[in-house]
Novice: 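Got a structure for you, written out below as structure tokens; questions coming shortly.
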There are 2 protein chains.
Amino acid sequence: MPTHYNGTQEEILALDSYIKLSRAADSINSRLSNSPSMQELTISQFGVLEALVHLGPLCQNVLGSKILKSNSNMTTVIDNLEKRGLVKRERNSEDRRMITIHLTKEGKEIIETVLPQHVAAIKSQFEVLTQEEQIQLGNLLRKLGRQG
Amino acid sequence: MPTHYNGTQEEILALDSYIKLSRAADSINSRLSNSPSMQELTISQFGVLEALVHLGPLCQNVLGSKILKSNSNMTTVIDNLEKRGLVKRERNSEDRRMITIHLTKEGKEIIETVLPQHVAAIKSQFEVLTQEEQIQLGNLLRKLGRQG
DNA sequence: ATCAAACTATTTGATATCGAAATATTATCA
DNA sequence: TGATAATATTTCGATATCAAATAGTTTGAT
């Protein structure tokens with residue numbers, strides 16, 4: 001994150017935007033994951049539970065793509081959720097390469113408690129912006145994310 | 001990252017903004033760190049070299065704050081840079097709690113090669129936005145990062 | 001029908017990062 | 001001076017990533 005670069009005006013503007021983007025994302029994520037409402041869930045664990053409660057039982061590689069995390073990490077994420085009794089693995093009997101992940105009753109309860117709090121936390125983070133501004137921001141960010 | 005939440009309009013807008021923010025930051029960072037110009041440097045290693053070349057020799061905890069990473073990680077980051085011969089540690093003789101990190105000749109050469117390429121990569125990422133839009137984006141992000 | 005090669009899903013291994021606790025050194029002040 | 005506080009760095013344990021290895025399934029030539 002170059003903070004002392006002598007360059008053209010275009011370069012400096014882009015650098016500045018990049019630094020602000022990184023800082024904003026980092027600080028929002030850190031505020032969210034340190035929030036007590038997260039119940040000791042990591043962002044990945046949260047994402048898995050959230051996907052399961054809305055989409056039903058899923059196999060690992062689908063879960064991986066839903067939460068935008070690497071598939072090789074799903075093994076650990078699910079290991080840890082399983083240790084806490086929040087999900088259950090079941091080897092698919094038709095295609096034995098797949099393992100289907102199911103929410104347990106405890107997992108369902110946790111995510112149904114945590115999710116609304118998490119959403120409220122996000123909403124409160126974004127309340128420094130008006131709705132207009134949030135829409136504006138979303139449009140700018142979409143361009144950057146697409147392929148920029 | 002809740003993608004299927006039924007909530008109020010305000011909640012959905014905030015969620016949507018949050019998802020776009022995360023995606024934009026992730027995809028830009030991943031494009032930058034996979035770029036061949038990075039010469040096998042991690043983002044942290046790059047940040048350390050960049051701070052050293054612009055600010056001169058620094059001790060670990062200052063470096064940590066400059067690159068916005070946890071201080072406990074600096075030990076490893078500097079270990080690895082030292083293994084590659086890009087920096088050198090020197091225990092401060094006046095206050096022996098401190099270790100001052102110096103760029104070596106090789107380190108200086110590498111960062112002076114990589115930095116302009118990195119800046120160019122960032123500039124090109126942001127070229128999907130006009131300068132006006134980048135300024136607008138910067139202003140919105142600053143509000144979010146500040147304390148949101 | 002069969003079985004090797006290609007394909008897909010998951011796990012393992014190496015490394016990076018983080019937070020909290022441990023260690024090393026120095027500063028303070030009773 | 002010596003006990004205690006303060007600061008700098010390292011270590012430890014956990015989680016995340018990527019690439020390579022492993023396990024299981026499908027395909028297609030024979």
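By convention in this document, chain letters (A, B, ...) are assigned in the order of the sequence lines, proteins followed by strands, and residues within each chain are numbered from 1. Below, each value reflects all heavy atoms present in this structure, side chains not excepted, and no hydrogens, waters or symmetry copies. All values derive from a computational prediction rather than experimental measurement.
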Novice: What's the CG-P distance between B:Leu63 and D:dA8, to the nearest Å?
Specialist: 13 Å
Novice: Starting from C1' on C:dT25, measure out to CZ on B:Arg91 and report it in whole angstrom.
Specialist: 8 Å
Novice: Does A:Ser72 place a side-chain N or O at less than 4.0 Å from the phosphate oxygens OP1/OP2 of C:dT10?
Specialist: no
Novice: Taking only the side-chain nitrogens and oxygens of B:Asn61, find out if one of them lies under 4.0 Å from OP1 or OP2 of D:dT9.
Specialist: yes
Novice: Counting N and O atoms only, with roles assigned by atom type, does the side chain of B:Arg91 sit under 3.5 Å from a partner on the main chain of B:Arg96, one being a donor and the other an acceptor?
Specialist: yes
Novice: Yes or no on side chain to side chain donor-acceptor pair (under 3.5 Å) for B:Thr42 and B:Ser44, after CA distance, side-chain angles and deciding distance?
Specialist: CA-CA 5 Å; B:Thr42 67; B:Ser44 296; 4.7 Å; no
Novice: Can you tell me how far P of C:dT26 sits from CD1 of B:Ile99, to the nearest Å?
Specialist: 12 Å
Novice: What is the distance, rounded to the nearest whole Å, between atom CZ of B:Arg96 and atom C1' of D:dT7?
Specialist: 15 Å
Novice: Can you identify which nucleotide, out of D:dC18, C:dT25, C:dT11, has its nearest atom closest to the A:Ser70 side chain?
Specialist: D:dC18
Novice: CD of A:Glu40 versus C1' of D:dA14: gap in Å, rounded?
Specialist: 12 Å
Novice: Both B:Asp95 and A:Met74 contact DNA chain C. Which one's nearest nucleotide lies toward the 5' end?
Specialist: A:Met74
Novice: Looking only at side-chain atoms of A:Asn73, point me to the closest of C:dT12, D:dA16, D:dT9.
Specialist: D:dA16
Novice: Is the distance from OP1 or OP2 of C:dT17 to the nearest side-chain N or O of B:Lys69 less than 4.0 Å?
Specialist: no
Novice: Heavy atoms from C-beta onward define the side chain here; which of D:dA8, C:dA16, C:dT10 lies closest to that of B:Arg97?
Specialist: D:dA8
Novice: Could you pick out which residue, A:Asn80 or A:Asn92, lies toward the 5' side of DNA chain D when each is mapped onto its nearest nucleotide?
Specialist: A:Asn80
Novice: Look at the aromatic rings of A:His118 and A:Phe46 and report parallel, tilted or perpendicular, splitting at 30° and 60°.
Specialist: tilted
Novice: Between D:dT17 atom P and B:Asn29 atom CG, what is the distance in whole Å?
Specialist: 13 Å
Novice: Starting the side chain at C-beta, find the nucleotide from D:dT9, C:dT17, C:dT10 nearest to B:Thr76.
Specialist: C:dT17
Novice: Are B:Gln60 and D:dT7 close enough that a side-chain N or O sits under 4.0 Å from OP1 or OP2?
Specialist: no
Novice: Pick the closest DNA chain C nucleotide for A:Asn34 and for A:Val62 by heavy atoms, then say which residue is nearer the 5' end.
Specialist: A:Val62
Novice: Keeping A:Glu109 on the side-chain end and A:Glu106 on the backbone end, is there a donor-acceptor pair under 3.5 Å?
Specialist: no
Novice: Determine, for A:Arg89 against A:Glu82, whether the closest basic-nitrogen to carboxylate-oxygen distance falls under 4.0 angstrom.
Specialist: yes
Novice: B:Lys83 NZ to C:dA14 C1': how many Å, rounded?
Specialist: 12 Å
Novice: Base, sugar-phosphate, or nothing: which does A:Thr42 touch, judged by heavy atoms less than 4.0 Å apart?
Specialist: sugar-phosphate
Novice: Send over the distance from B:Arg89 CZ to D:dT9 P, rounded to a whole Å.
Specialist: 9 Å
